Amino acid sequence: GFKTLWLVGVDHAGISTQLQVTKKLLKEEKKTRWDVGREEFTKRVWEWKAQYGHEITRQIRREGASVDWSRERFTMDESLSRAVREVFVTLFEEGWIYRGFRIVNWCPKDKTVLSDLEVKEETKKDGKLYFLQYPLKNSDKKITVATTRPETMLGDTAVAVNPTDERYRDLVGQMIELPLTNREIPIVADDYVEAQFGTGAVKITPAHDPNDYELGLRHDLPQINIMNDDATLNPEAGAEFEGLDRYIAREKVVEKFEELGLLEKIEDYEIVLPHCERCQTVLEPLLSEQWFVNMSEMRDLALNLMRTEGAPHFSPRVPYEKVYTTWLENLKDWTISRQLWWGHQIPAWYDAGGNVFVARTAAEAFDQAGTKDLRQDEDVLDTWFSSALWSFSTLGWNGEITETEDLKTFHPTDVLVTGRDIIFLWVSRMVMLSEKFVGEKPFKDVIINGTVLGKDGQRMSKLKGNGVNPLDVFDKFGVDATRMTLAGSATGADFAWRDEKVESYRNFANKIWNATRFCLMNSEGAQVDGASLKNAASIADKWIVSRLNKTAQAVNKALGTYQFHEAVQLLYHFFWDDFCDWYIELVKDEITGGKYSELIEDEREDDSLADFTVLAKQNDARTRIITILEQSLRLLHPFMPFLTEELWQKLPAISSNLHNAAYKSAEASIMLADFPAGDSNLIDERAEAEMQIVIDLISKVRNIRAEMQIKPADKPVIHIAANADANRIFAENEAQILKLARAEGLVLGAKLDVPKASAKAVTTVAEIAVPLEGLIDFEKEIARLENQAGKLETEASRLSSQLSNANFVDRAPAEKVQEIRDRVAEIETQVTALRQNLEALK
RNA sequence: AGCCGAUUAGCUCAGCGGAAGAGCGUCUGUUUUACAAACAGAAUGGCAAAGGUUCAAAUCCUUUAUCGGCGACCA
């Protein structure tokens with residue numbers, strides 16, 4: 001009955017996609033992207049996308065997701081691209097976007113810059129630390145620096161020491177003759193250097209290290225870039241090194257130092273290296289001119305939203321709210337340009353003089369520049385820049401159009417379901433840009449799913465080969481079972497994949513199928529009818545109706561707080577334990593006619609009143625069980641859509657009359673029926689308590705049967721001693737007790753009167769005895785009774801000690817104290833009975 | 001320059017202030033006409049360790065250990 005929208009779509013995954021097509025091009029045609037050119041290359045990417053891009057949405061369809069496919073979007077759709085240009089230009093005009101030289105993360109393989117979030121730090125255990133000696137000018141002295149990247153010494157423009165370091169104080173201001181180059185570089189003093197680390201002297205390479213860059217600015221040092229974009233050395237490195245790969249150059253530099261007698265030592269050293277998240281290549285910090293977003297105001301938009309509204313609300317709140325806020329607080333500027341061809345080309349144009357014109361279209365840029373002799377920036381934007389606009393760009397906002405019916409209806413959206421790895425990359429940026437451009441949050445809630453780990457408990461990865469393909473799981477166990485498995489894992493918690501888990505939900509699906517089959521086999525004269533739940537007469541009927549409604553309420557509550565796993569557990573146990581194992585068995589005779597069939601056969605000839613009464617009773621029972629089943633299917637439907645729809649359609653008298661009022665005219669489907677809310681008026685605590693008494697009795701008798709090895713075919717008489725109330729309940733349910741306990745008679749009374757050769761048990765309200773004639777093994781029976789008594793006594797002594805604690809009695813809530821007193825009394829009665837029985841046996 | 005998690009039955013995990021739970025596995029029975037992918041019954045826990053708070057702690061606090069995630073320029 002609510003207006004809802006699940007909008008699905010995909011981003012263009014700039015780097016990954018370009019990488020795929022680049023590989024394909026190289027493999028099939030032995031060409032690089034430059035060989036085919038920008039236009040042809042992007043054409044190939046669109047072709048690739050057409051072929052493979054639907055894989056994800058195909059999987060989502062197969063999952064049975066309730067998506068509005070008519071609104072599917074792609075980040076490079078025309079309107080979404082228009083939005084990207086609009087946002088870029090606006091931010092530039094307002095001074096939030098700028099272009100500048102910075103040390104950036106450079107991937108020499110993909111030949112593009114990466115944002116800090118796309119960098120994966122990995123520890124290299126077999127790294128080396130090289131100690132190089134630099135000779136001082138006009139002196140025999142040398143100063144030793146330690147480095148993990150000796151080749152960068154070719155770009156050194158200083159050596160720095162700590163100003164308080166006594167060892168080097170005299171050297172500050174002196175010059176060094178930098179080996180392998182003909183350059184002289186100064187020794188400078190800076191607080192950045194830690195005297196205790198390494199030799200206390202640091203080589204400074206401003207063009208190849210972020211810290212050195214900063215230090216270089218402070219001391220006005222030259223920046224010498226010695227590398228090409230593929231991490232080979234350029235002419236600045238000297239003729240001897242030009243063209244060499246960075247690692248070859250490293251070896252060569254070390255060799256040369258050794259020849260010169262300037263290599264002091266090499267130590268083993270564990271080093272942390274930045275890698276490209278996509279292609280795993282070791283990144284190179286490089287001085288480069290890029291586009292950036294200044295995040296200081298953006299950050300405040302997001303932080304204020306959290307401070308004032310607590311939005312977005314994360315589930316689970318711990319730890320993600322803090323993770324999110326802490327990250328925002330320490331936010332640095334965002335590098336948004338990428339040296340790729342696949343993506344949104346930056347709407348900036350340059351004239352011959354290098355002046356920049358940022359505009360929504362080329363025409364606008366020409367107007368600004370007063371000339372058409374402009375060249376558009378070749379770079380594209382970070383994919384996440386367009387994804388950041390997703391919440392509103394997909395609903396029609398593109399700068400030109402800023403108000404749409406969809407935006408009014410669906411924005412802010414209710415919930416974003418995502419993984420923790422993109423909280424910074426995506427979630428935070430959507431919040432910032434939505435606040436900035438539509439003036440409201442993109443979503444109220446964010447659900448962070450756990451990560452599904454491989455069978456080995458490790459993150460899935462192609463390298464480890466521990467991945468699980470969902471499509472294979474669908475084929476093997478069914479989509480519904482897979483959905484139950486995923487929904488059944490706690491929100492936000494990681495879990496190791498186990499086929500066994502899906503298998504158990506596959507079994508559950510099978511259970512639902514079989515239970516429905518049973519109901520349908522006995523559905524003649526029945527129909528789905530809500531009224532049948534309101535006029536339940538027997539204890540068993542009232543009990544199951546109560547359990548159903550209680551479950552429905554609890555499921556609704558769990559879903560309201562995104563506790564999907566709790567809803568799954570509730571439904572699993574209600575359906576399997578309560579409905580199948582107890583209710584179906586309790587009413588089986590009534591439903592199948594077993595109890596009445598003879599009667600009906602006999603009286604079929606004449607239309608006697610008895611015949612009608614019996615048939616009417618049977619139809620009532622059938623209608624009731626079908627109705628309970630129908631409600632259960634509705635509750636299960638969001639989790640197991642395929643199975644429940646299939647079975648629901650088979651139920652008697654199914655029609656669109658069962659739909660929510662809004663959909664009465666539509667074709668009958670469980671999807672359009674109301675989700676049961678649970679009716680408090682149908683919750684009957686008394687019936688549940690009374691049914692529990694019957695269940696306890698049956699369980700105890702079954703326990704005796706199993707432990708005393710009574711053959712299934714043997715049907716004993718059950719003797720029960722209980723008060724009048726309990727005996728009334730047993731009498732009312734005699735038929736069910738006899739059937740489920742496989743007994744042939746019930747003897748009810750206030751006291752037991754049975755032969756010594758009887759097996760005994762106690763429940764909270766009754767003493768039970770099953771006479772076994774010659775079959776009983778007294779030793780075994782004594783052990784059984786001792787065991788029962790022992791357990792109860794342990795519990796009683798623990799509770800008694802609580803009661804004897806004055807503090808507990810005084811300070812705990814009175815009802816808690818009373819509860820424990822009642823329980824102790826209950827146990828004492830049971831133990832007394834068991835002890836008397838034991839005495840009688842000895 | 002840390003910040004978070006996690007540690008509960010053989011395994012995978014719920015529970016997060018008032019009697020230790022589930023699924024799988026294990027053991028015993030059972031071709032009971034919805035279901036052997038099932039049914040009935042059973043066994044199995046110093047809730048990581050040590051302190052503390054509380055009438056009451058698996059649950060809250062502190063410290064420690066081990067594992068994991070995110071972050072971090074120590075050359």
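Just so we're on the same page: letters track the sequence lines, and every chain starts at 1. All figures in this text were calculated on a predicted structure; none of them were measured in a lab.
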Salt bridge (Lys or Arg N to Asp or Glu O under 4.0 Å) assessment of A:Glu795 paired with A:Lys791: CA-CA 6 Å; A:Glu795 192 187 339; A:Lys791 278 184 188 165; over 6 Å; no
Could you measure between the two P atoms, the one in B:C61 and the one in B:A6, and give it in whole Å? 11 Å
Applying a 4.0 Å non-hydrogen cut-off, can you work out what A:Cys580 is touching in the nucleic acid: base, sugar-phosphate, or nothing? base
Treating A:Lys780 as the side-chain partner and A:Glu707 as the backbone partner, does any N or O pair qualify as donor plus acceptor under 3.5 Å? yes
For A:Glu321, give me all partners under salt bridge (charged side-chain N to carboxylate O under 4.0 Å, His left out), at least two apart in sequence or on another chain. A:Arg317
Between B:U26 and B:C60, how far apart are the two C1' atoms, rounded to whole Å? 37 Å
Once you apply a heavy-atom cut-off of 4.0 Å, does A:Ser504 come out as touching a base, just sugar-phosphate, or nothing? sugar-phosphate
So does A:Pro206 get a backbone contact from the side chain of A:Asp212, meaning a donor-acceptor N/O pair under 3.5 Å? no
Please classify the nucleic acid contact of A:Lys501 as base, sugar-phosphate, or nothing, using heavy-atom distances under 4.0 Å. nothing
With a non-hydrogen cut-off below 4.0 angstrom, is A:Ala496 in contact with a base, only sugar-phosphate, or nothing? sugar-phosphate
I'd like to know if the side chain of A:Asp480 and the backbone of A:Phe642 have a donor-acceptor N/O pair within less than 3.5 Å. yes
What nucleic acid atoms does A:Pro813 come within less than 4.0 Å of, heavy atoms only: base, sugar-phosphate, or nothing? base
B:G5 versus B:A48 - spacing of their P atoms, nearest Å: 16 Å
For the side chain of A:Asp494 and the backbone of A:Thr451, is there at least one donor-acceptor N/O pair under 3.5 Å apart? yes
Counting only heavy atoms and a strict 4.0 angstrom limit, can you tell me which residues of residues 796-805 of chain A come near RNA chain B? A:Arg798, A:Asn805
Of A:Phe477, A:Tyr572, A:Trp513, A:Phe639, the residue whose pairing with A:Phe508 passes ring-ring contact (aromatic ring centres under 6.0 Å, His included): A:Tyr572
Side chains of A:Asn507 and A:Glu503: is there a donor and an acceptor less than 3.5 Å apart? no
Say we look at B:A72 and B:A56: how far apart would their C1' atoms be, to the nearest angstrom? 43 Å
Report which part of the nucleic acid A:Ala515 touches: base, sugar-phosphate, or nothing (heavy-atom distance under 4.0 Å, all strands). base
Going 5' to 3' along RNA chain B, which nucleotides are the first and last within contact of chain A (any atom under 4.0 Å from a heavy atom)? B:C3 to B:A75
Base-paired stems in RNA chain B, each at least three Watson-Crick or G-U pairs under 3.5 Å: B:2-7 with B:65-70, B:10-13 with B:21-24, B:26-30 with B:38-42, B:48-52 with B:60-64
Sequence neighbours excluded - salt bridge (charged side-chain N to carboxylate O under 4.0 Å, His left out) pairs with any residue from residues 144-159 of chain A: A:Arg149-A:Glu284, A:Glu151-A:Arg250, A:Asp156-A:Lys203
Would a distance-only check, ignoring hydrogens and angles, find a side-chain to backbone donor-acceptor pair under 3.5 Å from A:Arg102 to A:Ser288? no
Which is true for A:Ala493 with a 4.0 Å heavy-atom rule: it touches a base, it touches only sugar-phosphate, or it touches nothing? sugar-phosphate
For A:Glu826, which residues count as a salt bridge (charged side-chain N to carboxylate O under 4.0 Å, His left out) partner, sequence neighbours excluded? A:Arg823
Under 4.0 Å between any heavy atoms, over every strand shown, what does A:Lys739 touch: base, sugar-phosphate, or nothing? Just pick one. nothing
Considering heavy-atom distances to RNA chain B, does A:Asn522 or A:Val323 have its closest nucleotide positioned more toward the 5' end? A:Val323
For atom C1', what is the distance between B:U59 and B:U8, given to the nearest Å? 11 Å
What is the nucleic acid contact for A:Phe495, judged by heavy atoms within less than 4.0 Å: base, sugar-phosphate only, or nothing? sugar-phosphate
Would you classify A:Lys322 as touching base, sugar-phosphate or nothing, given that sugar-phosphate means primed atoms plus P, OP1 and OP2, and contacts are heavy atoms under 4.0 Å? sugar-phosphate
Taking any heavy-atom pair under 4.0 Å as a contact, classify A:Lys715: base, sugar-phosphate, or nothing. nothing
Interatomic distance at P, B:C35 relative to B:A43, whole Å: 30 Å
So does A:Lys760 get a backbone contact from the side chain of A:Arg784, meaning a donor-acceptor N/O pair under 3.5 Å? yes
Using atom P of each nucleotide, how far apart are B:G51 and B:G45 to the nearest Å? 23 Å
Using a cut-off of 4.0 Å on non-hydrogen atoms, how would the nucleic acid contact of A:Ile584 be classed: base, sugar-phosphate, or nothing? base
Provide the distance between the two P atoms, one in B:U12 and one in B:G68, to the nearest whole Å. 14 Å
Anything under 30° is parallel, anything over 60° is perpendicular, the rest tilted; go ahead and classify A:Tyr324 against A:Phe314. tilted
Here's a test of your reading of the structure: between A:Glu826 and A:Gly488, which maps to the more 5' nucleotide of RNA chain B? A:Gly488
Over all strands shown, is A:Val193 touching base, sugar-phosphate only, or nothing at heavy-atom distances under 4.0 angstrom? base
Does A:Gly450 reach a base, just sugar-phosphate, or nothing at all? Heavy atoms under 4.0 Å. nothing
Could you tell me whether B:G41 is syn or anti, where syn means a glycosidic angle within 90 degrees of zero? anti
Would you check if the side chain of A:Asn466 reaches a backbone N or O of A:Asp456 as a donor-acceptor pair within less than 3.5 Å? no
